[in-house]
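This structure is a prediction, so every number in the text was calculated from the model and none was measured. Each chain gets a letter, A, B and so on, in the order its sequence line appears, and its residues count up from 1.
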Protein chains: 2
Amino acid sequence: MTDNNYTALDAETFAGICRALGHPARVKIVSHLLENNVCICGRIVEILPLAQSTVSQHLKILKQSGLVTGIVDGARSCYCIDRKLLKRFKKMVEDL
Amino acid sequence: MTDNNYTALDAETFAGICRALGHPARVKIVSHLLENNVCICGRIVEILPLAQSTVSQHLKILKQSGLVTGIVDGARSCYCIDRKLLKRFKKMVEDL
DNA sequence: ATCGTATATCGTCGATTAACGATTAATATC
DNA sequence: GATATTAATCGTTAATCGACGATATACGAT
């Protein structure tokens with residue numbers, strides 16, 4: 001069995017990613033992360049017209065879906081896209 | 001300005017389609033519709049382990065997203081995918 | 001006109017979501 | 001060590017979701 005990076009996502013994971021993308025704010029976060037590769041929470045708060053706590057919540061949902069990963073960088077939190085999972089997700093949408 | 005069928009979806013529409021796909025039952029409905037081109041409500045009820053009213057609700061959500069269209073055929077309701085919108089959605093995911 | 005079938009809608013219930021402000025925890029800086 | 005900065009978590013509230021059974025509507029057949 002070869003590891004081709006394209007193992008089909010199970011329905012739950014797929015629906016989970018869709019649900020995570022099912023909010024305009026989260027779509028914007030993902031777009032921004034893709035454009036800038038990485039981004040700290042505070043910068044995202046600046047961009048969106050939402051309270052810091054709300055943004056933090058959206059980031060949590062995105063992390064739970066697996067699409068976004070976050071690492072702590074001092075007092076900051078640095079987020080970025082899991083490109084491998086995104087690739088699998090794209091493939092799954094393509095194959096719909 | 002040429003009509004290339006690939007006009008970008010606005011964030012709301014995109015998030016709306018994602019939200020519609022954000023439930024396993026609705027993913028299954030969409031997959032089934034894609035495989036069979038068209039399908040009446042009753043057949044979908046047979047396939048899913050859900051009450052008829054629940055399935056009808058899921059179909060309503062899919063219709064509201066625009067991804068699925070339904071026409072009345074006598075006493076039946078016949079559903080199918082809006083392939084043009086699906087194409088635009090796929091393109092938008094691809095371009096993520 | 002009545003009866004059966006197919007589907008949509010209504011009403012309800014518990015669970016989840018989205019938003020916020022307030023608080024807490026962790027790290028820098030002075 | 002005190003104090004700011006950054007971000008996560010808590011608690012609350014209103015709204016929405018997901019499921020169901022019951023009911024209503026619409027059509028086809030008798």
Would you mind building the protein contact string for nucleotides 10-23 of chain D? One character per nucleotide, 5' to 3', B for base within reach (heavy atoms under 4.0 Å), S for sugar-phosphate only, - for untouched. --------SBBBB-
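Summary for the helix from C/dA1-D/dT30 to C/dC30-D/dG1: the axes at its two ends, each from 5 pairs, differ by 20° when rounded to the nearest 10 degrees.
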Between B/Phe14 and B/Val93, is a side chain to side chain contact (heavy atoms under 4.5 Å, CB included) present by the stated rule, with each step listed? CA-CA 9 Å; B/Phe14 179 72; B/Val93 170; 3.9 Å; yes
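DNA chain C lies under 4.0 Å from at least one heavy atom of each of the following residues of residues 65-78 of chain A: A/Gly74, A/Ala75. Near DNA chain D, meaning a heavy atom under 4.0 Å from it, residues 27-48 of chain A has A/Ile40, A/Cys41, A/Gly42 in order of number.
Chain A approaches DNA chain C over the interval C/dA18 to C/dA28, counting the first and last nucleotide 5' to 3' with an atom under 4.0 Å from its heavy atoms.
Follow the hydrophobic side-chain contacts under 4.5 Å out from B/Ile61 and you never reach B/Leu86; the two are in separate clusters.
Residue B/Lys91 holds its NZ atom at 5.5 Å from CD of B/Glu94, rounded to the nearest 0.5 Å. Once rounded to the nearest 0.5 Å, the distance linking CD1 of A/Ile81 with CG of B/Leu96 reads 8.5 Å.
Side-chain contact check for A/Leu85 versus A/Ile17: some heavy-atom pair is nearer than 4.5 Å.
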Considering only distance and modelled atom types, tabulate donor-acceptor pairs under 3.5 Å from the side chains of residues 25-43 of chain B, sequence neighbours left out.
{"unit_1": "B/Arg26", "atom_1": "NE", "unit_2": "B/Ala20", "atom_2": "O", "d": "2.7"}
{"unit_1": "B/Arg26", "atom_1": "NH1", "unit_2": "B/His58", "atom_2": "ND1", "d": "3.0"}
{"unit_1": "B/Arg26", "atom_1": "NH2", "unit_2": "B/Arg19", "atom_2": "O", "d": "3.3"}
{"unit_1": "B/Ser31", "atom_1": "OG", "unit_2": "B/Val27", "atom_2": "O", "d": "3.1"}
{"unit_1": "B/His32", "atom_1": "NE2", "unit_2": "B/Asn36", "atom_2": "OD1", "d": "3.4"}
{"unit_1": "B/Asn37", "atom_1": "OD1", "unit_2": "B/Arg83", "atom_2": "NH2", "d": "3.2"}
{"unit_1": "B/Arg43", "atom_1": "NH1", "unit_2": "B/Glu46", "atom_2": "OE1", "d": "2.6"}

Atom pairs and distances, donor-acceptor, side-chain atoms in residues 62-80 of chain B, under 3.5 Å, two or more places apart:
{"unit_1": "B/Ser65", "atom_1": "OG", "unit_2": "B/Leu62", "atom_2": "O", "d": "2.7"}
{"unit_1": "B/Ser65", "atom_1": "OG", "unit_2": "B/Leu67", "atom_2": "N", "d": "3.2"}
{"unit_1": "B/Thr69", "atom_1": "OG1", "unit_2": "B/Cys80", "atom_2": "O", "d": "3.4"}

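Under the side chain to side chain donor-acceptor pair (under 3.5 Å) criterion, no residue pair touches residues 47-56 of chain B, with sequence neighbours excluded.
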